[in-house]
J.: 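First the structure, then my questions, so here it is.
Any value given below was found using the heavy atoms of this structure, including those in side chains, with hydrogens, waters and symmetry copies removed. It should be emphasised that the depicted structure is a prediction, and the values quoted were computed from it without experimental measurement. Lettering follows sequence order; numbering is per chain, from 1.
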Amino acid sequence: MSAQLTVTRSGASAPATTVQVEAGATAGELFTDERDVVVARVNGELRDLTHPLADGDEVEGVLISSEDGLAVLRHSAAHVVAQAVQQHFPEAKLGIGPPIRDGFYYDFDVERPFTPEDLKTLEKTAQRIVKEGQRFVRRAVTDDEARAELAGEPYKLELIGLKSTAGEAAEGAGVEVGAGELTIYDNVRRDGTVAWKDLCRGPHLPSTRLVGNGFSLLRSAAAYWRGSEKNPQLQRVYGTAWPTKDDLKAYQERVAEAERRDHRRLGVELDLFSFPDEIGSGLAVFHPRGGVVRRAMEDYSRQAHERAGYEFVYSPHITKQNLFEVSGHLDWYAEGMFPAMQLDAEVDADGTVRKAGQNYYLKPMNCPFHNLIFDSRGRSYRELPLRLFEFGTVYRYEKSGVVHGLTRVRGMTQDDAHIYCTREQMKDELTRTLGFVLGLLSDYGLDDYYLELSTKDPEKYVGSDDAWEEATATLAEVAQASGLELVPDPGGAAFYGPKISVQARDAIGRTWQMSTIQLDFNLPERFGLEYTAADGSKQRPVMIHRALFGSIERFFAVLTEHYAGAFPPWLAPVQVVGVPVADAHVPHLQEVAAKLRERGIRVEVDASDDRMPKKIRTWTKQKVPFLLIAGAEDVEAGAVSFRYRDGSQENGVPVDDAVAKVVDAVQRRVQV
RNA sequence: GCCGGCAUGGCGCAACUGGUAGCGCACCCGACUUGUAAUCGGGCGGUUAGGGGUUCAAGUCCCCUUGCCGGCUCCA
């Protein structure tokens, strides 16, 4: 055995080089000159810097700021927090503590939930642990040893029992126990004593000190053990951790920006919509300003659908029970539906039922109604594809804890269409539909997206496996042909068929599920839908369900947040406000306003008693795209002065030019 | 549905360990007539989400209901 090992070293920035090291050297020794290297990738596997090297190893330094490095940092931060928790609450049992986007969490079984004061105390203690500079020391153990050491940690014991399938046991459980040998990480103080230990796959930072630059506890909340509501609830502590204080600040600023954009907040500030308690949870009313935005969205959508060959239909909000028995909704979707109202029952004075009542349900989906329209007369192959479109309002009984602003409501309007076509037409029609959907989303200003393919939930589906396979394969083919990024979503399909969904990224990088396109062989079957083919035979059509906005309410929320309330002129509730320098200039602005109004522009003139700067402030805060200011100079020149939302100006624009400019921006649907 | 927190005029907030509600903005009235983010003065407005209880006394403490917020589960 040689005293020298030959390994390949690549730094975070440096190219790969071959180096000689002493036997027994560790990965960390290769990177003593790169302080931001916190773990190493050895032959493809992430390892601690204390990992001993073997001859021929390929070792790559991993920076704390890289994706892997951040995950390690956050996971180590979770350990620090868990140590702090067990210090203050010795009876706390450990759940799991994985890194997540922007941070980490750790779950604990404790006597009572954490209070905000507890979080402050825990954060202080965590800081102290960080300052102690404890090392993370890896130690391999057998299953039996682990069981003995962790006898007091029932959840860890459960994970040990599940280790071969830990990845599926619970989201995040994979960071605790890998598929191979079990390891325990000891947190060792400078004086060599062990402060704390945890069953963990690792790897970890060399020292807790590296956690201290930018970490913070955020909140606590309950979470079900292993993600199932059948299991006990643990208390989850959320935190965030970053390599530097500046990174932490930048993160906090992003959070603050998201708060400023929150559609619930903008909905109040801009007077767009509200949720009166009197109506009930998850049921919105749109105010005039919000109504304008919504109508502009809908009108444009109508025009586009008309051009694309859709026909418009209408259907009622409630229906007798039988329709949802035929569709299968009552078998598969009853939980999501409002309870039935019973009508028309006749009962004698003595309580005996003379005539049984009828159950009526609020509709959770529009498809059964469209099927009835299809089935209202004989259909020819010449009519296909038949594209039925409706702004259909549906009601879903969402659990009380999930209702959220306009994005998760109990009453919503879908821009819903059902396309009936032949099997042969199916692929072309799907391709066409996907193209239509993406084009329209871009028109609304969302042009960064990826696709998700949701496939059969083995627990919850109707129809034959063959049909599912064919439908799934077709959708996959169409999705792939689009050239967009495609992410699988196993088990995510609705009960009647697989779907492609379009996930759009907004202005600050968040993704939202927007449009869905679902292929369905089942409902046509259940409804016995048929058309007459060219050879005179009866054939079953294929059905494509698709919604573009998802729901108008949700899309409204997404657009509001995407634009931070500063809608492009074509969507803005008020497109132009005239601001006079003094009362004398009001008539001039009113003339300009009349010309704009003639061209269909939404315009107001602010003739109030406020001073001009106050008016500018008021309407800028209302995010009106064009302020037209007029004083003596403008009146004299037959002009107006533009002021935009960012404060920039364009003075002395002749009135006709100004009108044309505004009209042009609206027609071209550009942002200003 | 589950866990925790919260609920004060239209909006944003204040009121010490219980001692009978204040401020800013908005709104209304008046004065001022002004060139790019808040002119000045006056006024209206709350049985402190609703209900019950403890107490000499409840916005403050307890219980129930409703709603909201943060998560979990679920989902367009």
J.: Is it true that, when you exclude A:E253 itself, more than 12 heavy atoms of the residues, nucleotides or ligands shown sit nearer than 6.0 Å to its CD?
T.: yes

J.: Within less than 4.0 Å of OP1 or OP2 of B:A76, is there a side-chain N or O belonging to A:R410?
T.: no

J.: With a 3.5 Å cut-off and heavy atoms only, can you find an N or O donor on one side and an acceptor on the other between the side chain of A:E278 and the base of B:A49?
T.: no

J.: On the nucleotide B:G70, are OP1 or OP2 found under 4.0 Å from the side-chain N or O atoms that A:H404 carries?
T.: yes

J.: Taking atom P in both B:U39 and B:G35, what distance in whole Å separates the two?
T.: 13 Å

J.: It should be established whether A:K621 places a side-chain nitrogen or oxygen under 4.0 Å from OP1 or OP2 of nucleotide B:C25.
T.: no

J.: Once hydrogens and angles are ignored, does a donor-acceptor distance under 3.5 Å link the base of B:G35 to the side chain of A:D634?
T.: yes

J.: So which one's nearest nucleotide on RNA chain B is more toward 5', A:T407 or A:S281?
T.: A:S281

J.: How about CZ on A:R112, more than 12 heavy atoms from neighbouring residues, nucleotides or ligands closer than 6.0 Å, or not?
T.: yes

J.: Under 3.5 Å, which donor-acceptor pairs link side chains of residues 553-561 of chain A to any protein atom two or more places apart or in another chain?
T.:
from	atom 1	to	atom 2	distance (Å)
A:E553	OE1	A:T413	N	2.9
A:E553	OE2	A:R294	NH1	3.3
A:E553	OE2	A:T413	N	3.4
A:R554	NE	A:T407	O	3.1
A:R554	NH2	A:T407	O	2.9
A:T560	OG1	A:F556	O	2.7
A:E561	OE1	A:R510	NH1	3.0
A:E561	OE1	A:R510	NH2	3.1
A:E561	OE2	A:H263	N	2.8
A:E561	OE2	A:H263	ND1	2.8

J.: According to side-chain contact (heavy atoms from CB on, under 4.5 Å), who are the partners of A:N231, at least two apart in sequence or on a separate chain?
T.: A:W225, A:R226, A:S228

J.: Is it true that the NZ or CZ of A:K623 lies under 6.0 Å from the centre of A:F567's six-membered ring and within 45 degrees of the ring axis?
T.: no

J.: If the C1' atom of B:C27 is compared with that of B:C44, how far apart are they to the nearest Å?
T.: 8 Å

J.: Given that A:S648 and A:D262 both sit by RNA chain B, which one's nearest nucleotide is further toward the 5' end?
T.: A:S648

J.: Which part of the nucleic acid, if any, lies within contact of A:K615, taking any heavy atom under 4.0 Å across all strands shown: a base, the sugar-phosphate backbone alone, or nothing?
T.: nothing

J.: Please tell me if A:K614 has a side-chain N or O lying less than 4.0 Å from either OP1 or OP2 of B:C32.
T.: no

J.: Does A:R408 contact B:C74 through a side-chain donor or acceptor facing the base, at a distance under 3.5 Å?
T.: yes

J.: Taking atom P of B:G12 as reference, at what distance in whole Å does atom CD of A:E269 sit?
T.: 9 Å

J.: May I ask you to say what A:K499 touches in the nucleic acid, namely base, sugar-phosphate or nothing, with a heavy-atom cut-off under 4.0 Å?
T.: sugar-phosphate

J.: Could you check how far CD of A:Q233 sits from P of B:C2, rounded to whole Å?
T.: 9 Å

J.: For the C1' atoms, the ones on B:A26 and on B:C11, what distance do you get once it is rounded to whole angstrom?
T.: 7 Å

J.: Would you indicate what A:V409 reaches in the nucleic acid, counting non-hydrogen atoms under 4.0 angstrom: base, sugar-phosphate, or nothing?
T.: base

J.: Closer than 4.0 Å, any side-chain N/O of A:Y395 to the OP1 or OP2 of B:A76?
T.: no

J.: Describe the nucleic acid contact of A:Q513 in one word from base, sugar-phosphate, nothing, applying a heavy-atom distance below 4.0 Å.
T.: sugar-phosphate

J.: Got a donor-acceptor contact below 3.5 angstrom from the A:Q575 side chain to the A:V603 backbone?
T.: no

J.: Under 4.0 angstrom, heavy atoms only, what part of the nucleic acid is A:D610 near: base, sugar-phosphate, or nothing?
T.: nothing

J.: Indicate, yes or no, whether a donor-acceptor pair under 3.5 Å links the base of B:G1 to the side chain of A:Y224.
T.: yes

J.: I need the CG-P distance between A:D102 and B:G71, as an integer number of Å.
T.: 13 Å

J.: Once you round it to whole Å, what is the distance between P of B:A76 and NZ of A:K399?
T.: 13 Å

J.: B:C75 P sits how many Å from A:F495 CZ, rounded?
T.: 13 Å

J.: Give one of base, sugar-phosphate or nothing for A:F275, where a contact means two heavy atoms less than 4.0 Å apart.
T.: nothing

J.: Are OP1 or OP2 of B:G71 and a side-chain N or O of A:S220 less than 4.0 angstrom apart?
T.: no

J.: Can you tell me if A:Y397 touches the phosphate of B:C75, counting only side-chain N or O atoms and a distance under 4.0 Å to OP1 or OP2?
T.: no

J.: Have a look at A:R643 and say if it touches a base, only the backbone sugar-phosphate, or nothing, with a 4.0 Å heavy-atom cut-off.
T.: base

J.: For a quick test of reading the model: is some side-chain N or O of A:R645 closer than 4.0 Å to OP1 or OP2 of B:U36?
T.: no

J.: Heavy atoms only, 4.0 Å cut-off, all strands: where does A:R546 land among base, sugar-phosphate and nothing?
T.: nothing

J.: Show the atom names and distances, to 0.1 Å, of all donor-acceptor pairs under 3.5 Å that link a side chain in residues 490-501 of chain A to residues at least two apart or in another chain.
T.:
from	atom 1	to	atom 2	distance (Å)
A:Y496	OH	A:Q518	OE1	3.4
A:S501	OG	A:Q503	NE2	3.1

J.: Mind checking the C1' distance from B:U34 to B:C68? Whole angstroms is fine.
T.: 44 Å

J.: Assign A:A584 to base, sugar-phosphate, or nothing according to its heavy-atom contacts below 4.0 angstrom with the strands shown.
T.: nothing

J.: Does the B:C72 base have a donor-acceptor partner in the side chain of A:E229 within less than 3.5 Å?
T.: no

J.: Find the distance A:N651:CG to B:G35:P and express it as a whole number of Å.
T.: 13 Å

J.: Please confirm whether the shortest side-chain N or O distance from A:S400 to OP1 or OP2 of B:G1 is below 4.0 Å.
T.: yes

J.: Does NZ or CZ of A:R410 fall inside the cone over A:Y397's six-membered ring, less than 6.0 Å from its centre and within 45° of the axis?
T.: yes

J.: Tell me every residue that passes ring-ring contact (aromatic ring centres under 6.0 Å, His included) with A:Y361, counting only those two or more places apart in sequence or in another chain.
T.: none

J.: Would you kindly give the CG-to-P distance between A:N231 and B:G1, to the nearest whole Å?
T.: 20 Å

J.: Any donor and acceptor pair, going by atom type alone, linking the side chain of A:D415 with main-chain N or O of A:F391 inside 3.5 Å?
T.: no

J.: Within a 6.0 Å radius of atom CD on A:E335, are there more than 12 heavy atoms belonging to other residues, nucleotides or ligands?
T.: no

J.: Determine whether a donor-acceptor pair (one donor, one acceptor, N or O, separation below 3.5 Å) exists between the side chain of A:D277 and the base of B:U66.
T.: no

J.: Any chance you could encode RNA chain B as dot-bracket? Rule is Watson-Crick or G-U wobble with both distances under 3.5 Å; [ ] for pairs crossing earlier ones, | for another strand.
T.: (((((((..((((.....[..)))).(((((.......))))).....(((((..]....))))))))))))....

J.: Could a donor-acceptor pair under 3.5 angstrom be found where the side chain of A:S641 meets the base of B:G35?
T.: yes

J.: Categorize A:E335 for me: base, sugar-phosphate, or nothing, with a 4.0 angstrom heavy-atom threshold over every strand shown.
T.: nothing

J.: Looking only at atom P, what distance separates B:C6 and B:G53, rounded to whole Å?
T.: 24 Å

J.: Could you state the CG-P distance from A:D606 to B:U36, rounded to the nearest angstrom?
T.: 16 Å

J.: Salt-bridge test for A:E485 and A:R505: reply yes if a basic N is under 4.0 Å from a carboxylate O, no otherwise.
T.: yes

J.: Tell me which residues in residues 551-563 of chain A lie within less than 4.0 Å of RNA chain B, going by non-hydrogen atoms.
T.: A:S551, A:R554

J.: With a 4.0 Å cut-off on heavy atoms, is A:A223 in touch with a base, just the backbone sugar-phosphate, or nothing at all?
T.: sugar-phosphate

J.: Output yes when A:K93 and A:D109 qualify as a salt bridge under the 4.0 Å nitrogen-oxygen rule, no when they do not.
T.: no

